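What follows is a set of notes on a single structure, which appears directly below.
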Number of protein chains: 2
Amino acid sequence: MMSEPGMISFGGGNPATEAFPSKEIRAISDNLLAEEPGQVLQYSLTEGYPALREQGKKYLNRNFDIVKEQDTVIVTTGSQQVMDLLGKIICNEGDVIATENPAFMGALNAFRSYGAKLVGIDMEPDGVNLAQLEAVLSAPQKPKVFYTIPNFQNPTGITTSLEKRQAVYELCAKYGVLILEDDPYGALRISGSPIAPIKSFDTAGIVMHASSFSKVLAPGMRLAMCAGPSELMAKMALAKQVSDVHTTLWSQRVCERFLALHDMEKHLERVSGIYRKKANLMISEFERLMGGRIKFNRPEGGMFVWVTLPDNIDTAEFVRRCLEKKLMLVPGNAFTVDENAKVQSVRTNFSTPTEEQIKAGAQIMASVLDELS
Amino acid sequence: MMSEPGMISFGGGNPATEAFPSKEIRAISDNLLAEEPGQVLQYSLTEGYPALREQGKKYLNRNFDIVKEQDTVIVTTGSQQVMDLLGKIICNEGDVIATENPAFMGALNAFRSYGAKLVGIDMEPDGVNLAQLEAVLSAPQKPKVFYTIPNFQNPTGITTSLEKRQAVYELCAKYGVLILEDDPYGALRISGSPIAPIKSFDTAGIVMHASSFSKVLAPGMRLAMCAGPSELMAKMALAKQVSDVHTTLWSQRVCERFLALHDMEKHLERVSGIYRKKANLMISEFERLMGGRIKFNRPEGGMFVWVTLPDNIDTAEFVRRCLEKKLMLVPGNAFTVDENAKVQSVRTNFSTPTEEQIKAGAQIMASVLDELS
């Protein structure tokens with residue numbers, strides 16, 4: 001539908017193309033292909049290009065102690081592959097996987113593809129409901145893993161507080177349940193201060209941390225990293241070997257040089273600046289046009305605002321009417337464990353649309369709200 | 001082990017780096033990143049970059065009618081991903097998968113990772129044993145798929161004859177069993193004439209055809225294609241979406257331009273020329289140094305010679321002694337369905353080593369043969 005002329009999308013999750021460090025990528029790639037094409041274009045190691053794994057470790061540990069002495073980092077083909085490989089190594093038909101609810105649909109679908117029974121835990125403004133989490137962790141059928149996005153969650157934009165991160169870790173450690181901490185957006189903070197990732201508390205070896213270069217550099221490169229206890233990561237690597245042998249070496253080599261040659265803090269500031277501006281615009285337009293009628297949070301980063309419609313509005317109808325006026329939105333139940341659940345919210349993305357499109361899209365939402373009220 | 005100084009490898013399956021069209025890749029990539037970086041580095045479609053799927057279809061159909069009207073082509077992250085996705089969509093724990101035996105270990109391991117029970121069918125000089133194949137296809141537990149590499153098979157180098165390809169197709173059609181025709185090497189023919197792929201006979205919609213750009217362009221780009229009946233390919237795409245979302249767009253864009261701008265026949269002639277020279281050298285050295293003592297075929301393409309040792313030689317000991325003298329070989333049982341089978345052969349690769357290494361490696365094999373005789 002995106003190819004229709006005039007279509008505005010608040011529906012996707014694409015990074016802004018103006019955020020890509022295209023010139024730097026072009027220069028690095030050209031140098032590498034001139035100097036050692038045979039080493040850029042050849043087969044490589046399943047775990048990832050060794051120098052990128054080293055640079056990636058430094059990058060991950062820039063603020064917090066994420067990758068510990070006893071951990072291993074592997075490179076994956078996007079962080080989607082982390083969910084897939086984890087499903088492959090731990091999940092048998094009928095196994096329970098606990099997840100924040102709503103949550104990133106790509107992760108839910110990856111787990112579903114291995115026959116997992118998903119059990120959702122409600123989100124609160126500061127992270128999951130801990131009582132629900134404990135009930136799920138202590139149930140007779142213990143979950144194989146708890147899936148969480150603590151920073152600027154997709155789709156809700158919620159950031160889990162430090163206290164709740166610690167509580168989540170303690171609970172999972174108590175019940176011996178693996179945590180998959182998915183952090184594709186952590187480096188894209190637009191307000192507030194970084195909060196320690198759950199992985200940084202891990203002394204029990206129960207946390208796997210997935211990060212991604214898709215939002216930080218460029219998604220077309222298909223690069224992500226997974227850090228975790230070495231024994232578990234060896235199983236992930238075995239699973240990766242039969243999945244795609246290794247991740248595109250060319251992208252890995254360019255990423256390694258980018259990390260080695262460029263000031264990442266400066267780069268991340270520039271990218272966050274682009275998103276800060278867009279997020280602020282979306283929020284101020286929502287406030288101006290629909291304030292008091294819809295509810296929404298002010299995410300501290302990431303790419304999404306979670307908009308809750310008035311109770312008398314039918315979400316599916318709202319999305320349908322917006323689409324008629326050429327605005328794409330994703331209805332909230334696309335992200336829920338029970339896809340038939342009645343969800344009063346829609347996810348709006350601010351990273352992809354231009355400023356003009358953000359304004360026009362907000363106008364469309366307001367006019368549909370008028371129509372249906 | 002490959003990083004040890006002086007080590008020669010007949011063990012791997014890397015294409016020759018001198019076969020990569022590095023200059024062309026560099027020029028195309030640089031142009032694309034200069035002109036439309038946002039369209040090269042952004043997220044893309046799971047099925048693959050549309051223009052590459054079109055160019056790829058033309059490329060696949062250059063000699064034979066492989067991709068038919070009712071078929072769909074998708075781009076995958078190497079052809080390894082085809083095995084993985086097929087396993088994901090058709091294989092439940094305990095399902096039977098029939099395969100040539102020996103066969104490419106990456107495929108066997110992908111199927112094993114989904115809990116498949118592999119049933120091997122012996123290879124003869126012109127392809128599988130048809131009586132065995134029929135017995136397996138007609139067994140009470142019908143196989144979900146029959147896996148075959150008809151051109152210059154890995155590891156045996158055997159090319160399945162036209163008659164046998166037709167017979168294999170007829171048998172699988174009769175019993176309603178899907179064929180996965182894996183063709184990573186087909187474009188790298190060094191003698192003889194191209195033989196129609198099994199996919200080209202398919203009127204029943206029971207053949208999936210996997211090809212790869214790893215040996216034709218460069219493996220570090222991680223590009224392959226899978227062609228098959230559209231309904232089946234839609235399932236493959238769904239499985240791919242949860243596996244890695246899509247294949248590196250950058251590589252796809254460069255590959256598309258390469259196919260559009262360059263004379264593929266000429267390029268393939270150049271690459272085949274490199275392999276012809278290496279294969280002929282390996283075979284003449286084997287003949288000169290061990291003729292009459294070992295048995296080996298003269299592959300019409302691909303990357304491998306299958307060497308059968310005299311009956312009194314222990315294969316594992318032969319491989320171990322060669323390694324002591326710094327020559328890596330893969331023992332035949334790495335490729336058999338029963339990994340504990342006694343296999344009297346080793347696989348030797350001629351694409352990776354230089355001409356000097358081919359000569360030196362053949363000398364090592366001959367000296368170990370002397371020692372053990």
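Protein chains get the first letters and strands the later ones, always in sequence-line order, with residue 1 at the start of each. Please read these numbers as outputs of a predicted model, since none were measured by experiment. Atoms considered below: every heavy atom in the structure, side chains included; atoms not considered: hydrogens, waters and symmetry mates.
Taking each heavy atom of B/Leu52 and B/Cys255 in turn, the nearest pair found is CD1-SG, 3.8 Å. Residues B/Pro21 and B/Leu217 come closest through the heavy atom pair CD-O, 3.6 Å. Between B/Pro50 and B/Leu45, the shortest heavy-atom distance links the atoms CG-CD1, 3.9 Å. Smallest separation of non-hydrogen atoms from B/Pro155 and B/Phe304: O-CB, 3.8 Å. Of all the heavy atoms in A/Leu118 and A/Phe111, the pair that sits closest is CD2-CB, 3.9 Å. Closest heavy-atom contact between B/Met236 and B/Cys226: CE-SG, 4.1 Å.
Residue with the most contacts toward chain A among B/Gly13, B/Ala34, B/Ala239: B/Ala34 (heavy-atom pairs, distance under 4.5 Å). Of the listed residues (A/Val82, A/Leu249, A/Ile89), the one with the most heavy-atom contacts under 4.5 Å to chain B is A/Leu249. Contacts with chain B were tallied for A/Ala224, A/Ala110, A/Gly220; A/Gly220 has the most, counting heavy-atom pairs under 4.5 Å. Most heavy-atom pairs under 4.5 Å with chain A: of the set B/Leu32, B/Val245, B/Leu85, B/Leu238, this distinction falls to B/Val245. Interface summary for chain B: among A/Gly115, A/Ala218, A/Gly78, the most heavy-atom pairs under 4.5 angstrom belong to A/Ala218.
Only the backbone of A/Val40 comes within contact range of chain B, with at least one heavy atom under 4.5 Å from a heavy atom of that chain. Looking at A/Ala19, neither its backbone nor its side chain comes within 4.5 Å of chain B, counting heavy atoms on both sides. Contacts of A/Met221 with chain B are made by both backbone and side-chain atoms, with heavy-atom separations under 4.5 Å.
Annotation: side chain of A/Pro353 is in contact with side chain of A/Phe10 (closest heavy-atom distance under 4.5 Å). Side-chain contact between B/Phe20 and B/Pro15 is present, with at least one heavy-atom pair separated by less than 4.5 Å.
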Anything under 3.5 Å between chain B and chain A that's a donor-acceptor pair? List each one with its distance, please.
{"from": "B/Pro15", "atom 1": "O", "to": "A/Gln42", "atom 2": "NE2", "distance (Å)": "2.8"}
{"from": "B/Arg26", "atom 1": "NE", "to": "A/Asp30", "atom 2": "OD1", "distance (Å)": "2.9"}
{"from": "B/Arg26", "atom 1": "NH2", "to": "A/Asp30", "atom 2": "OD2", "distance (Å)": "3.2"}
{"from": "B/Asp30", "atom 1": "OD1", "to": "A/Arg26", "atom 2": "NE", "distance (Å)": "2.9"}
{"from": "B/Asp30", "atom 1": "OD2", "to": "A/Arg26", "atom 2": "NH2", "distance (Å)": "3.2"}
{"from": "B/Leu41", "atom 1": "O", "to": "A/Gly220", "atom 2": "N", "distance (Å)": "2.6"}
{"from": "B/Gln42", "atom 1": "NE2", "to": "A/Pro15", "atom 2": "O", "distance (Å)": "2.8"}
{"from": "B/Tyr43", "atom 1": "OH", "to": "A/Lys215", "atom 2": "NZ", "distance (Å)": "2.6"}
{"from": "B/Gln80", "atom 1": "NE2", "to": "A/Val242", "atom 2": "O", "distance (Å)": "2.9"}
{"from": "B/Gln81", "atom 1": "N", "to": "A/Ser243", "atom 2": "O", "distance (Å)": "3.4"}
{"from": "B/Asp84", "atom 1": "OD1", "to": "A/Lys88", "atom 2": "NZ", "distance (Å)": "2.4"}
{"from": "B/Lys88", "atom 1": "NZ", "to": "A/Asp84", "atom 2": "OD1", "distance (Å)": "2.3"}
{"from": "B/Lys88", "atom 1": "NZ", "to": "A/Ser113", "atom 2": "OG", "distance (Å)": "3.2"}
{"from": "B/Lys88", "atom 1": "NZ", "to": "A/Tyr114", "atom 2": "OH", "distance (Å)": "3.4"}
{"from": "B/Ser113", "atom 1": "OG", "to": "A/Lys88", "atom 2": "NZ", "distance (Å)": "3.2"}
{"from": "B/Tyr114", "atom 1": "OH", "to": "A/Lys88", "atom 2": "NZ", "distance (Å)": "3.4"}
{"from": "B/Lys215", "atom 1": "NZ", "to": "A/Tyr43", "atom 2": "OH", "distance (Å)": "2.7"}
{"from": "B/Gly220", "atom 1": "N", "to": "A/Leu41", "atom 2": "O", "distance (Å)": "2.6"}
{"from": "B/Gly220", "atom 1": "O", "to": "A/Leu249", "atom 2": "N", "distance (Å)": "3.0"}
{"from": "B/Arg222", "atom 1": "NE", "to": "A/Asp244", "atom 2": "O", "distance (Å)": "3.3"}
{"from": "B/Arg222", "atom 1": "NE", "to": "A/His246", "atom 2": "O", "distance (Å)": "3.1"}
{"from": "B/Arg222", "atom 1": "NH2", "to": "A/Asp244", "atom 2": "O", "distance (Å)": "2.9"}
{"from": "B/Val242", "atom 1": "O", "to": "A/Gln80", "atom 2": "NE2", "distance (Å)": "2.9"}
{"from": "B/Ser243", "atom 1": "O", "to": "A/Gln81", "atom 2": "N", "distance (Å)": "3.4"}
{"from": "B/Asp244", "atom 1": "O", "to": "A/Arg222", "atom 2": "NE", "distance (Å)": "3.3"}
{"from": "B/Asp244", "atom 1": "O", "to": "A/Arg222", "atom 2": "NH2", "distance (Å)": "2.9"}
{"from": "B/His246", "atom 1": "O", "to": "A/Arg222", "atom 2": "NE", "distance (Å)": "3.1"}
{"from": "B/Thr248", "atom 1": "OG1", "to": "A/Thr248", "atom 2": "OG1", "distance (Å)": "2.6"}
{"from": "B/Leu249", "atom 1": "N", "to": "A/Gly220", "atom 2": "O", "distance (Å)": "3.0"}

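A/Phe152 pairs by the ring pair (Phe, Tyr, Trp, His ring centres under 6.0 Å) definition with nothing, not counting sequence neighbours. B/Ala234 meets the side chain to side chain contact (heavy atoms under 4.5 Å, CB included) test with no other residue; sequence neighbours excluded.
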